[in-house]
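Encoded as structure tokens, the structure appears first; notes follow it.
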Protein chains: 2
Amino acid sequence: MTVRTTEGDPATGNVDRAAAAGAALLAGGDLWSDLPPTARAIVVAAIDSFADRGFHATTLRHIAAGSGLSTAALYVHFRSKDEVLFEVSRRGHARALGLVRDAAAQGPPEHAFRTLVYAFSRWHAEQRTVARVVQYEFAALGPEHREQVTGLRRATERVVRGVVAEAIGGSAEDAATRGVCTAVLSLGVDVARWFGPAGPYTPDGVGRLYCELAERMLVPR
Amino acid sequence: MTVRTTEGDPATGNVDRAAAAGAALLAGGDLWSDLPPTARAIVVAAIDSFADRGFHATTLRHIAAGSGLSTAALYVHFRSKDEVLFEVSRRGHARALGLVRDAAAQGPPEHAFRTLVYAFSRWHAEQRTVARVVQYEFAALGPEHREQVTGLRRATERVVRGVVAEAIGGSAEDAATRGVCTAVLSLGVDVARWFGPAGPYTPDGVGRLYCELAERMLVPR
DNA sequence: GTCTATATGACGATAGAC
DNA sequence: GTCTATCGTCATATAGAC
């Protein structure tokens, strides 16, 4: 954003600190490392296709080809195509919730807010394919799966609401809190739609940009 | 957002003026009014299903049922399911481009910026179903259709880029301009994902909220 | 312009051999 | 645990009567 050359500039320093803290939160291992190798290959192939074509346009033949198996072999590892989606969605939502929880634990409140915005946006850029499935294939989940995932979504929103309220210095029910909360969640989520490695941004760049813009949202001009 | 009781408060006044100007831009007629009645019924039914289930999960039987026709009758009015999507997507994109163009013509630059943010966000709330198809079924378009629509998307982004540059007082190539441009477009687009009539916002409320938050983004703290 | 009936193919999921 | 072969279903799209 605005170029700042001054050493120790407070605003840039804030973003730097949030970026450092956020990067540490994102350093966790692979989401699928505990799956058996074949199940993992299936999940990875499924994510690629879900993110690219969407759940409904993805066929078992796509997933089978991507994981080097026959369609019949998929059923040894998952009960159905829906169950593969659920596995991806559940873990992805849990990861997003974990991120915002970890960020919320970073005091002081304004630092927690910046770290949350940085980490949440950057994750949606870095893990763009998983994030796309998480955010845009939610409606494709079956009713009972959707309900489980809804719990994780609500928990995420509650955490963000609390962090924004503390950063603003208001209550979680204020319109101002709700407004900023809606905006920062929306900005982060939508990164999964528009971000691509061919674009002008790095994941870190997206995180820093939104960290700075979100901070500006906190205070009326 | 922040409650302001002062009469003639400049920031609230700015939002009010943008809301009035934006509301006027949105007052145009139905997007499909020039279609023959049957084609129109098909398009409306298709939009509902595309927005609800997505293009790939929508079958011709859904569209047929929604428009009170048999699947065979659909082919009298459209060559294929893809062509229905293209008609919706093309007109929706053209409408969004028209909106931002009209907003850009409102001087002075900061008023144009506020009006653009207001109108763009509010349209995505008010016309949520069309906007969902426009924004989230882009990838479902065939290659040649996608290319035509890409032109409209690029034109929209160019207009927004120019308005943001003028409001910031920088060039269209500045990182600051690009950053704010990305954010306001993203916020507006994502409204189509999360907005619902059951939620806490009205379309006007979304427009006003984002109008104010976007204005705060313009100036470093 | 709309209908019923149908062609053609791909889908998710299963059977049974190895 | 993986394969080939296939089942039953439903998709898009067409044919031909009215």
Side-chain angles (χ1 to χ4, degrees), chain A residues 32-90 133 137-146, chain B residues 32-89 133 136-146:
Chain A
W32 324 103
S33 50
D34 62 320
L35 288 177
T38 308
R40 190 187 143 120
I42 292 170
V43 164
V44 169
I47 291 170
D48 282 351
S49 186
F50 291 166
D52 207 49
R53 287 177 263 250
F55 175 77
H56 292 291
T58 294
T59 71
L60 292 180
R61 286 158 176 86
H62 289 133
I63 300 174
S67 53
L69 295 167
S70 67
T71 60
L74 302 177
Y75 286 86
V76 176
H77 306 275
F78 293 93
R79 260 201 290 270
S80 69
K81 186 180 151 191
D82 296 74
E83 194 161 303
V84 180
L85 174 63
F86 177 58
E87 182 70 16
V88 175
S89 190
R90 189 179 58 79
V133 179
E137 302 302 335
F138 173 72
L141 291 165
E144 74 297 342
H145 288 157
R146 190 159 55 236
Chain B
W32 324 103
S33 50
D34 63 320
L35 287 177
T38 308
R40 191 186 141 120
I42 292 170
V43 164
V44 168
I47 291 170
D48 282 351
S49 186
F50 291 165
D52 208 50
R53 286 177 265 250
F55 174 78
H56 291 291
T58 294
T59 71
L60 292 180
R61 287 165 167 81
H62 290 134
I63 301 175
S67 55
L69 294 168
S70 66
T71 60
L74 302 177
Y75 286 87
V76 176
H77 306 276
F78 293 94
R79 259 200 291 270
S80 68
K81 186 179 148 191
D82 297 74
E83 193 160 303
V84 180
L85 174 63
F86 178 58
E87 183 70 16
V88 175
S89 189
V133 179
Y136 297 113
E137 302 302 336
F138 173 71
L141 290 165
E144 74 297 343
H145 288 157
R146 191 158 56 236

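The structure displayed is predicted, hence computed values, not measured ones. A, B, ... follow the sequence lines: proteins, then strands. Residue 1 opens every chain.
- With hydrogens and angles disregarded, no donor-acceptor distance shorter than 3.5 Å links the side chain of B:R40 to the backbone of B:L35.
- Across all strands shown, B:L74 has no heavy atoms under 4.0 Å from either base or sugar-phosphate atoms.
- Spacing between atom CZ of B:F78 and atom C1' of C:dG1 amounts to 15 Å, rounded to whole angstrom units.
- If you check every strand for non-hydrogen atoms under 4.0 Å, A:S80 touches sugar and phosphate atoms only.
- Checking side-chain atoms of A:S49 against main-chain N and O of A:T58 turns up no donor-acceptor pair under 3.5 Å.
- Each of A:R79 and A:H62 was matched to the nucleotide of DNA chain C holding its nearest heavy atom; the match closer to the 5' end belongs to A:H62.
- Here B:H56 pairs with nothing under the ring pair (Phe, Tyr, Trp, His ring centres under 6.0 Å) rule; sequence neighbours left out.
- Between the P atom of D:dA11 and the CG atom of B:L60 lies a distance of 9 Å, rounded to the nearest Å.
- Nucleotide D:dA11 holds its P atom 9 Å from the NZ atom of B:K81, rounded to whole Å.
- At the phosphate of D:dA11, OP1 or OP2 sits under 4.0 Å from a side-chain N or O atom of B:R61.
- Applying the 4.0 Å criterion to OP1 and OP2 of C:dT2, one finds that B:S70 has every side-chain N and O outside that range.
- Side chain of A:S89 to main chain of A:L85: no donor-acceptor pair is present (N/O by atom type, distance under 3.5 Å, no hydrogens or angles).
- In this structure, B:I42 places its CD1 atom 11 Å from P of C:dG1, rounding to the nearest Å.
- In this structure, A:H56 places its NE2 atom 12 Å from P of D:dA11, rounding to the nearest Å.
- A:D82 places its CG atom 13 Å from the C1' atom of C:dC11, with the value rounded to the nearest Å.
- Summarising the geometry, the separation between CG on B:L69 and C1' on D:dT12 is reported as 16 Å, rounded to the nearest angstrom.
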